[in-house]
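Chain letters run A, B, ... following the sequence lines, proteins first and then strands; every chain starts at 1.
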Protein chains: 2
Amino acid sequence: MSEVNAEEVNARFEELSILESEFEEVEIELIRKSNSLNAPLWKKRAEIIAKIPHFWTLVFEQAPPELDNFIQPSDSKVFVDCLQTFEVSRFEIEDPKGSPRSVSIKFGFGDNEYFTDKEIEKKFWFRKSKDWVGLVSEPVKIHWKKGKDLTGGLTDAAYELAQARKKLTKASNGDAKSKKDSSLPEYNALAKKIEESTEASLSFFAWFGFVSSYRWISAEESEQAEKEDTANLEKLKRGEKLDEDADDDDDEVDYQETEVFPQGDEIATLLSEDLWPSAIKYYKHSHEADDEELSDIDVSDVDDMDEDDSDDEIDIRGLVGKGRKSSGSPPPKKQRKA
Amino acid sequence: MSEVNAEEVNARFEELSILESEFEEVEIELIRKSNSLNAPLWKKRAEIIAKIPHFWTLVFEQAPPELDNFIQPSDSKVFVDCLQTFEVSRFEIEDPKGSPRSVSIKFGFGDNEYFTDKEIEKKFWFRKSKDWVGLVSEPVKIHWKKGKDLTGGLTDAAYELAQARKKLTKASNGDAKSKKDSSLPEYNALAKKIEESTEASLSFFAWFGFVSSYRWISAEESEQAEKEDTANLEKLKRGEKLDEDADDDDDEVDYQETEVFPQGDEIATLLSEDLWPSAIKYYKHSHEADDEELSDIDVSDVDDMDEDDSDDEIDIRGLVGKGRKSSGSPPPKKQRKA
């Protein structure tokens with residue numbers, strides 16, 4: 001290097017921006033490749049799992065601390081009582097306008113005392129604004145039974161506000177800039193509920209009300225931001241200067257007044273990129289835990305969730321533990337994450 | 001499911017073990033694919049970075065907390081003073097007996113007051129024993145200048161013990177079981193040093209002395225364990241029962257008496273799977289940090305590390321910050337990890 005000056009460092013910075021977009025292309029290709037290679041294995045896994053009672057309950061019980069910290073004892077009880085299936089899919093992977101980073105997370109439940117839903121699905125769309133990129137979602141309605149809402153009305157209030165916001169956007173002909181949603185009664189209702197709730201005991205189920213750790217971004221806004229990014233990148237490649245950015249008013253802070261679960265996108269990432277791919281590992285851990293220490297959830301006194309053999313009271317931990325021992329299958333291993 | 005019994009759960013457990021090995025094959029294929037797609041981009045990045053002063057210092061400054069917690073202020077000062085290059089490579093990726101998970105992490109340094117080494121490389125081998133799998137390493141000798149050893153002799157003591165262990169293994173004709181390394185004077189010297197050192201102020205450079213979070217595993221032992229795993233898997237696929245495992249005496253606990261950096265493998269993973277692929281992102285964060293808050297390292301009063309332009313005193317944070325602003329390149333984005 002002959003001399004260091006701002007012009008040169010600046011030029012390097014632009015080269016790095018172009019390179020970053022090439023890394024992103026590779027990353028996208030790898031997600032697609034991973035999805036197509038793993039898809040048949042996930043299918044096979046689901047078939048085996050369907051024959052293992054409480055598989056996903058045991059996996060959630062072994063969730064890493066980053067995730068487990070968000071699961072209250074009362075949430076665990078729901079999983080023990082009635083969680084039957086769990087599924088992650090990249091629902092936009094074939095969609096040229098969508099992103100392979102968008103993800104759907106689906107829970108299947110048996111009959112239970114908490115809600116009437118048999119399936120609760122939460123979708124996350126990978127979207128960008130002028131100065132943010134990440135996962136956004138829409139609040140999902142959970143049909144809680146009377147007096148059984150573990151979130152104290154948070155999911156309902158988040159859902160109501162989202163509906164009201166949609167109407168408002170429609171009324172203003174999609175002109176997002178003109179909408180002032182903080183004047184909505186649903187806004188104040190939710191903001192008040194959040195203020196009153198204590199984060200320490202927030203139910204995991206409040207996660208279904210999550211919108212964004214930034215703010216909601218529509219498909220249209222995201223597409224526009226994508227176009228601008230592409231245009232800027234082309235300019236950089238041709239060696240042209242970009243227009244100065246005007247400082248945008250950032251409404252992120254305000255938006256968080258009505259976010260019921262600020263780390264909702266982190267949870268989505270943990271579920272889809274750790275719990276889902278490593279489910280067998282966590283399931284095996286539950287046997288190690290059985291050998292070495294008492295589980296923090298005692299599932300032996302829980303009603304049998306399988307309808308066909310309701311006569312037998314089953315200690316599922318004892319059973320699978322014994323299964324492993326009598327099989328003499330290879331001892332569980334500490335696996336490094338890929 | 002008609003009925004739940006131990007035999008059935010047991011059979012499912014074996015099916016899952018077979019499936020797990022198929023997932024592992026896919027994972028290995030994806031690591032190879034990732035490496036071949038990214039290699040040309042890493043090369044291009046290195047060429048750009050070579051022209052950016054303090055690039056890696058700024059990246060390390062923005063390291064995520066999981067990593068940053070292990071970097072003491074005195075370690076940061078070394079990086080600011082003389083870190084010039086940083087390189088991660090999968091050195092066994094073409095080796096049929098090796099693993100694409102094995103990783104080499106190489107630091108390049110300019111002339112400095114701390115040590116005479118121009119390059120310090122730490123290799124991690126992905127190996128397995130009968131009941132563990134993960135990264136192991138050998139202590140690396142750092143040639144500290146007099147009175148400048150940031151680890152208080154830990155890297156030297158770890159290196160000496162490793163050398164003594166090698167001699168011992170050779171003397172016992174490679175019969176690992178017969179070696180009793182706790183009788184070595186080097187063993188006691190290191191165990192004592194570790195007992196005396198305070199973990200809270202442990203230098204990052206002690207990481208170069210890391211061996212294993214379990215215990216050392218030789219290439220031969222790993223190969224043997226791999227063979228047994230493969231044989232067991234074949235048995236399972238043919239529907240045969242496996243032999244009962246004898247309960248092994250586990251020498252992991254003892255071994256940790258002489259481990260200078262118990263989380264060394266986690267650091268290797270953070271460096272190779274986060275800092276290395278996301279370096280541009282962290283570099284850009286250093287500009288955001290420059291805009292928004294004061295850095296915890298003040299590099300403006302540090303001697304210019306570039307030898308060719310020693311006349312100019314350079315405030316590198318100011319410079320690159322300005323570079324970004326005057327370029328009008330797209331604003332930095334919060335990027336979700338892949």
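Among B/Leu233, B/Leu37, B/Leu41, the residue with the largest count of heavy-atom pairs under 4.5 Å with chain A is B/Leu41. Taking A/Ile49, A/Leu19, A/Asn38, A/Ile28 one by one and counting their heavy-atom pairs under 4.5 Å with chain B, the maximum is reached by A/Leu19. Of the residues considered (A/Lys44, A/Glu25, A/Glu228), A/Lys44 shows the highest number of contacts with chain B, using heavy-atom pairs under 4.5 Å.
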Checklist line | side chain to side chain contact (heavy atoms under 4.5 Å, CB included) between A/Arg12 and B/Phe55, intermediate numbers included | finding: CA-CA 11 Å; A/Arg12 301 293 94 74; B/Phe55 179 90; over 6 Å; no

Next item on the list: Show your working on side chain to side chain contact (heavy atoms under 4.5 Å, CB included) between B/Lys284 and A/Ser17 and close with a plain yes or no.
Entry: CA-CA 10 Å; B/Lys284 288 190 166 184; A/Ser17 292; 3.0 Å; yes

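Taking all atoms of both residues into account, the shortest heavy-atom contact from B/Lys33 to A/Leu30 is CG-CD2, 3.6 Å.
With respect to B/Lys281 and A/Glu20, no salt bridge is recorded, no charged nitrogen being found less than 4.0 Å from a carboxylate O.
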